[in-house]
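First the proteins, then the strands, lettered A, B, ... as listed; each starts at 1.
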There are 2 protein chains.
Amino acid sequence: MPKETFFNLAEAKRKLIEDVAVDEFVTYGYDKASINRIVKSCNIAKGSFYQYFEDKKDLLKHLLTKMAQDKAKYVSPHLLKVKDADFFTILREMYILGLKFSADNPRVAQMANQVLKSKHHPVYQEIVNANMEAVYTYLSNLLKHSIAKGELRPDIDLRFVSYIISAINLATVEYYFDIVKGKEVNMGSFDEDIIDIANMFVDFIKKGIAKPTGGNDNDQG
Amino acid sequence: MPKETFFNLAEAKRKLIEDVAVDEFVTYGYDKASINRIVKSCNIAKGSFYQYFEDKKDLLKHLLTKMAQDKAKYVSPHLLKVKDADFFTILREMYILGLKFSADNPRVAQMANQVLKSKHHPVYQEIVNANMEAVYTYLSNLLKHSIAKGELRPDIDLRFVSYIISAINLATVEYYFDIVKGKEVNMGSFDEDIIDIANMFVDFIKKGIAKPTGGNDNDQG
DNA sequence: ATATAATATGACTCAAAGGTCATATGACCC
DNA sequence: GGGTCATATGACCTTTGAGTCATATTATAT
């Protein structure tokens with residue numbers, strides 16, 4: 001937790017530090033991120049930084065916590081609206097919201113993705129593992145519920161599918177930044193791209209890629 | 001490339017250095033991996049290390065290149081045997097072989113996975129990006145071929161599916177180390193576990209998780 | 001035995017990091 | 001003005017890292 005001093009700072013200054021820090025982490029990764037560079041960029045003294053934060057880890061943890069809060073605040077109300085829909089509609093909404101948030105906060109999102117992907121990261125245990133449990137529980141319950149409603153194959157392994165849906169969740173964001181944002185700069189509107197990607201992923205999770213063997217598939221996506 | 005001196009070394013000494021280095025990278029990650037610690041562990045002088053390698057990056061690149069060669073040597077002949085089988089049989093064989101190799105070389109495999117997952121890694125560009133192109137090309141051709149044979153839905157996006165199959169390939173290894181190796185120490189034989197995992201992943205990619213809507217599904221896995 | 005080439009060595013340099021601390025500044029109240 | 005508190009400062013300390021180099025050792029050849 002940052003020290004009280006940090007929260008007493010003028011909003012502009014606080015935001016400057018946060019923005020610069022995110023940039024630093026995104027550009028150099030955690031280990032190579034330098035407090036010296038950050039304070040220079042912010043035009044604050046080294047000592048001041050340590051009035052605000054315990055250390056580098058404290059800084060990163062603050063940024064991630066803040067992001068989690070912002071994301072939750074953005075996602076929750078939208079997700080509530082579809083909470084009674086079928087599984088794939090909910091999943092699709094989750095992907096769309098996640099992608100939209102990433103598009104609106106690209107650097108923070110990429111920073112978080114880095115942490116999410118490297119188990120060696122000094123904050124992985126404290127931040128990721130702690131939340132992962134909640135995610136798996138949420139997904140498992142959702143899956144169970146949807147199986148009961150007859151929307152999913154009853155023979156799936158809950159733990160496995162939870163795992164893979166989380167992994168694919170990460171991959172969607174990656175795919176968005178790598179392929180869509182990476183190549184052409186101005187294609188369609190962002191929202192269209194995002195919806196296309198979400199549809200592709202959900203469609204994949206839903207039906208796989210094998211040619212249907214006789215049965216008709218009614219697409220409700 | 002390591003210097004000639006390194007390859008002139010006695011096999012045992014060379015292997016010791018490689019093993020210690022892999023351990024170091026796996027334990028601390030690239031940035032925090034220390035040449036000082038490595039040479040101490042090997043009981044060689046700092047200067048000797050720099051007779052063998054240009055620098056830390058050179059060392060890691062050597063280890064990854066060697067792994068790639070070992071893996072290729074192990075995988076290729078097995079993969080040849082199923083080259084005319086249907087898509088999912090080939091994919092399944094790919095997963096099984098990859099998992100077996102990882103099980104036999106766990107530390108090297110985990111080291112490689114780390115690199116694969118972090119785009120900030122100093123060797124990502126040179127190593128991963130270079131090979132990625134080949135992987136995508138291979139998968140795209142395989143997909144095209146299989147679509148022509150009527151095994152896959154013709155409406156899939158080749159780029160997207162190549163991407164996701166690569167991502168899932170990574171996830172299988174993760175899943176293996178996290179869940180299977182992580183929990184119980186001695187369950188069934190390794191091979192059984194591996195085959196189970198490969199089946200789950202291929203089944204997922206093949207059929208997705210939605211309950212089939214009327215059509216019967218003939219499982220040939 | 002001597003000369004030449006290959007290899008081994010670890011003290012050393014230089015740079016950069018994280019983190020501390022005594023001091024300075026400024027805001028606010030009496 | 002005088003006193004108190006929160007905040008700001010940057011020189012400084014310690015540690016650690018990567019990488020160098022003059023020198024010592026060993027092996028090979030003649």
Side-chain angles (χ1 to χ4, degrees), chain A residues 1-63 114-115 120-123 126, chain B residues 1-18 20-64 114-115 120-123 126:
Chain A
M1 268 264 295
K3 301 176 183 171
E4 206 192 317
T5 317
F6 179 66
F7 296 110
N8 294 340
L9 253 37
E11 165 114 17
K13 190 169 186 177
R14 224 171 48 226
K15 197 148 182 344
L16 171 70
I17 294 172
E18 289 168 348
D19 286 349
V20 166
V22 168
D23 256 347
E24 179 76 13
F25 283 125
V26 162
T27 308
Y28 298 100
Y30 180 80
D31 286 331
K32 280 278 160 61
S34 152
I35 308 289
N36 287 323
R37 241 185 335 242
I38 291 176
V39 296
K40 205 174 288 179
S41 269
C42 295
N43 280 316
I44 63 173
K46 185 86 163 280
S48 296
F49 177 87
Y50 286 94
Q51 303 272 31
Y52 308 149
F53 300 96
E54 297 290 342
D55 50 24
K56 214 205 293 196
K57 210 160 97 175
D58 190 34
L59 167 62
L60 176 61
K61 272 157 68 175
H62 166 65
L63 296 174
Q114 282 177 26
V115 177
H120 272 88
H121 209 296
V123 304
E126 319 178 38
Chain B
M1 269 262 295
K3 301 177 184 169
E4 206 192 316
T5 315
F6 179 66
F7 295 110
N8 294 340
L9 252 40
E11 164 113 16
K13 190 168 186 178
R14 223 171 50 223
K15 195 144 183 347
L16 172 70
I17 294 172
E18 288 168 350
V20 166
V22 168
D23 255 347
E24 178 76 14
F25 283 125
V26 162
T27 308
Y28 297 100
Y30 180 80
D31 286 331
K32 280 278 162 60
S34 152
I35 307 289
N36 287 326
R37 228 169 2 222
I38 290 175
V39 296
K40 203 174 289 177
S41 269
C42 295
N43 280 315
I44 62 173
K46 186 89 165 278
S48 297
F49 178 87
Y50 286 96
Q51 303 271 33
Y52 308 149
F53 300 97
E54 296 291 340
D55 50 24
K56 213 205 297 195
K57 210 160 97 174
D58 190 33
L59 168 62
L60 176 61
K61 273 156 69 174
H62 166 66
L63 297 173
L64 289 173
Q114 281 177 27
V115 176
H120 273 88
H121 209 295
V123 304
E126 320 177 38

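Among the heavy atoms of the strands, none lies under 4.0 Å from A/Ala10. In this structure, A/Lys32 reaches neither bases nor backbone, as no heavy-atom distance under 4.0 Å exists between it and the strands shown. No contact: B/Lys3 has no heavy atom under 4.0 Å from any strand.
Expressed to the nearest 0.5 Å, how far NZ of A/Lys56 lies from CG of A/Leu60 amounts to 9.5 Å. Taken to the nearest 0.5 Å, the CG atom of B/Asp55 stands 7.5 Å off from the CZ atom of B/Phe49. Atom CD of residue B/Glu18 and atom CZ of residue B/Phe6 lie 4.5 Å apart, to the nearest 0.5 angstrom.
Proximity of A/Lys13 to the phosphate of D/dA8: a side-chain N or O atom is located under 4.0 Å from OP1 or OP2. Taking side-chain N and O atoms only, A/Asn36 has no distance below 4.0 Å to OP1 or OP2 of C/dA16. In this model, the phosphate group of C/dT7 is approached by a side-chain N or O of B/Asn8 to a distance below 4.0 Å at OP1 or OP2.
One interatomic measurement links the two molecules: NZ of B/Lys46 to P of C/dC12, which rounds to 13 Å at whole-angstrom precision. C/dA8 atom P lies 13 Å from atom CZ of B/Arg14, rounded to whole Å. Put simply, CD1 on A/Ile35 is 5 Å from P on C/dG18, counting in whole angstrom units. Rounded to an integer number of Å, the gap from CD1 of B/Ile38 to C1' of C/dT9 is 18 Å. Computed from coordinates, the B/Lys40 NZ to D/dA18 C1' distance equals 15 Å when rounded to whole Å. Spacing between atom CG of A/Leu9 and atom C1' of C/dG26 amounts to 15 Å, rounded to whole angstrom units. Here the P atom of nucleotide D/dT7 and the CG atom of A/Asn43 are 20 Å apart, to the nearest Å. In this structure, A/Phe6 atom CZ and D/dA6 atom C1' are separated by 16 Å, rounded to whole Å.
Other residues, nucleotides and ligands contribute over 12 non-hydrogen atoms within 6.0 Å of the NZ atom of B/Lys3.
Listed by first and then second residue, the salt bridge (Lys or Arg N to Asp or Glu O under 4.0 Å) pairs involving residues 35-46 of chain B are B/Glu24-B/Arg37 (not counting sequence neighbours).
Among the nucleotides C/dA11, C/dT9, C/dG18, the one closest to any side-chain atom of A/Ser34 is C/dG18.
Contacts with DNA chain C (heavy atom under 4.0 Å) in residues 48-62 of chain A: A/Tyr50, A/Asp55, A/Lys56, listed by number.
When side chains are defined from C-beta on, B/Leu59 counts as touching B/Phe25, because their heavy atoms get closer than 4.5 Å.
Between B/Gly47 and B/Glu4, the residue anchored nearer the 5' end of DNA chain C, judged by the nucleotide with its closest heavy atom, is B/Glu4.
The aromatic rings of B/Phe7 and B/His62 sit perpendicular, their planes meeting at an angle over 60°, well past the 30° parallel limit.
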